[in-house]
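Heads up: the structure comes next, in structure tokens.
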Amino acid sequence: MDCFPEVRTTALQVSRALIVLVLIVICVACGETYRPVAFPITPTPPNPAAAHFALVVNQNGLSNPGTITEIDVSGDSALSVVKVGLGPVHAALTPDGSRVYVANKLEDTISSFLSAPPSSPVVPSTITLPAGSAPVFVDTTQNGTVYVANSGTGTVAEIPTLSNVVSNFVSLGAGAKPIALAETPDGRKLYSVNQGSGTITGINTLDFSVSATIATGTSPAWAVARSDSARVYVLDGGSGTIYAIDTASDSVVSSTGSAGAGANFMFYEKTRNRLYITNPSANTLTILDASTDALNVFAALPVQNPVNVTALPDGSRAYVASATVNGSSVSSQVTVVNASSGTLTGTVISLAAVPAICDPVTTRFRVFVAAAAGSSKVYVSNCDAGSTAIINTLATAGAPPDSLALNLPGPAGNPQPTPSNPNPPPAPQNPVFALTGP
């Protein structure tokens with residue numbers, strides 16, 4: 001039995017009156033117009049990996065600072081041009097793509113700067129090496145440390161990216177002239193390719209100690225690490241022998257001379273687990289199966305004067321850059337390879353035919369090829385042409401796949417007099433190396 005019916009009735013009436021009053025206030029405040037409450041929805045940000053870029057190292061004669069050009073992959077345009085040191089020859093990116101390191105051979109320095117396109121001119125940090133170092137190669141598979149091969153002093157330098165100051169040097173022994181480096185993807189081992197001594201030096205990255213010195217022919221030229229970090233492959237240019245080194249024991253487990261004497265460059269393609277080796281002396285491209293230590297030949301292809309090679313990350317095709325010198329002129333081209341079948345596609349892309357002007361002392365590669373992370377573009381730095389060729393790997397409006405999109409001129413450089421033309425106008429700088437971001 002309800003003992004307080006009058007109280008409950010009164011409370012109910014009061015509640016109803018309050019509700020009506022609140023509704024009246026809302027209507028008056030809104031001008032008697034219903035206005036729904038809008039909650040903003042933040043859109044999903046774009047994937048940062050889609051903003052791919054390429055970097056090109058440009059020389060500017062023997063007495064003028066060179067530059068780095070950053071190219072937007074999607075727009076085929078220069079995002080920035082950064083002045084570096086004298087005689088830049090090689091560059092590397094930290095794995096996250098955030099910082100660039102450039103080896104300036106002619107002034108014994110390393111230039112370092114952030115890769116993000118700046119809103120104002122970039123002034124790189126300069127890391128000074130001992131006089132006569134002649135740095136020629138920069139390498140890293142970790143964001144915290146970068147390594148430098150110093151061909152002049154026979155050393156490898158360790159540079160923590162946090163401080164950008166050299167923390168350690170490793171001496172590679174009598175006669176050693178390091179010309180290339182290969183760090184395992186797990187960041188535990190670094191290998192230095194030493195011309196002069198015919199060896200490769202294994203270095204423990206944890207304490208920067210030498211783990212082994214391994215004999216690898218008479219003229220080791222290049223090295224690459226397998227994606228599982230279990231093997232490093234070394235190319236000896238004198239014999240064309242490829243050595244497979246077990247990174248756990250630092251011992252040679254197999255070798256093959258399949259590439260032929262005169263081979264100069266090797267590329268590891270991780271999608272299909274293969275090695276691509278160029279040989280300009282024999283006019284060949286050799287493809288090896290790296291899934292076993294037998295290193296069986298998958299294909300041997302005729303390619304005119306190949307200088308180096310790259311492969312698309314999607315594993316579909318490889319691109320071989322060639323340069324042919326005829327007297328005082330040089331012509332360049334790119335030959336396309338079907339990576340699945342190991343055959344030539346029949347596409348040969350002509351790039352330029354120009355006077356031969358590049359200095360072989362400071363230029364290791366007259367042309368150098370690199371593939372964009374998204375597999376949509378291929379870039380070829382062309383030293384003699386003073387430009388970088390951009391190749392569309394996909395079909396575009398009015399053009400089939402694997403077509404030359406444009407030759408992007410290098411930054412304006414200082415005039416370079418010749419005996420026949422002592423007062424020339426400013427010429428483009430000379431691209432000598434290309435690499436791509438993640």
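For this chain, numbers begin at 1 and follow the sequence in order. No hydrogens, no waters, no symmetry mates; every other heavy atom, side chains included, goes into these values. Treat the numbers as computed from the prediction; the structure is a model and nothing was measured.
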Under 6.0 Å from the ring centre and within 45 degrees of the ring axis: does the NZ or CZ of Arg274 meet both conditions for the six-membered ring of Phe298? yes
For side-chain contact (heavy atoms from CB on, under 4.5 Å), just list the numbers for Ile203 and Val170, CA-CA rounded to whole Å, side-chain angles, deciding distance to a tenth of an Å, and then say yes or no. CA-CA 8 Å; Ile203 300 170; Val170 163; 4.1 Å; yes
Taking the six-membered ring for Trp, is the centroid-to-centroid distance between Phe137 and Phe433 below 6.0 Å? no
No-hydrogen, no-angle side-chain donor-acceptor test under 3.5 Å, Asn168 and Glu158: yes
Has the side chain of Ser381 got a donor or acceptor atom that lies under 3.5 Å from a matching backbone atom of Thr388? no
What about the rings of Tyr147 and Phe208, do their centers lie closer together than 6.0 Å? yes
Would you please say whether a donor-acceptor pair under 3.5 Å links the side chains of Ser111 and Asn104? yes
Got a second to check how far Ser219's OG is from Gln195's CD, nearest 0.5 Å? 6.0 Å
Step through the shown structure and confirm whether more than 12 heavy atoms of other residues, nucleotides or ligands are within 6.0 Å of CZ on Arg272. yes
Looking at Ser341, is its backbone amide N or carbonyl O close enough to the side chain of Asn338 to form a donor-acceptor pair, meaning the two atoms are under 3.5 Å apart? yes
Would you check if there is a donor-acceptor pair between the side chains of Gln142 and Thr140 at a distance under 3.5 Å? no
Which residue in the set Tyr233, Phe265, Phe267, Tyr276 passes ring pair (Phe, Tyr, Trp, His ring centres under 6.0 Å) when paired with Trp222? Phe265
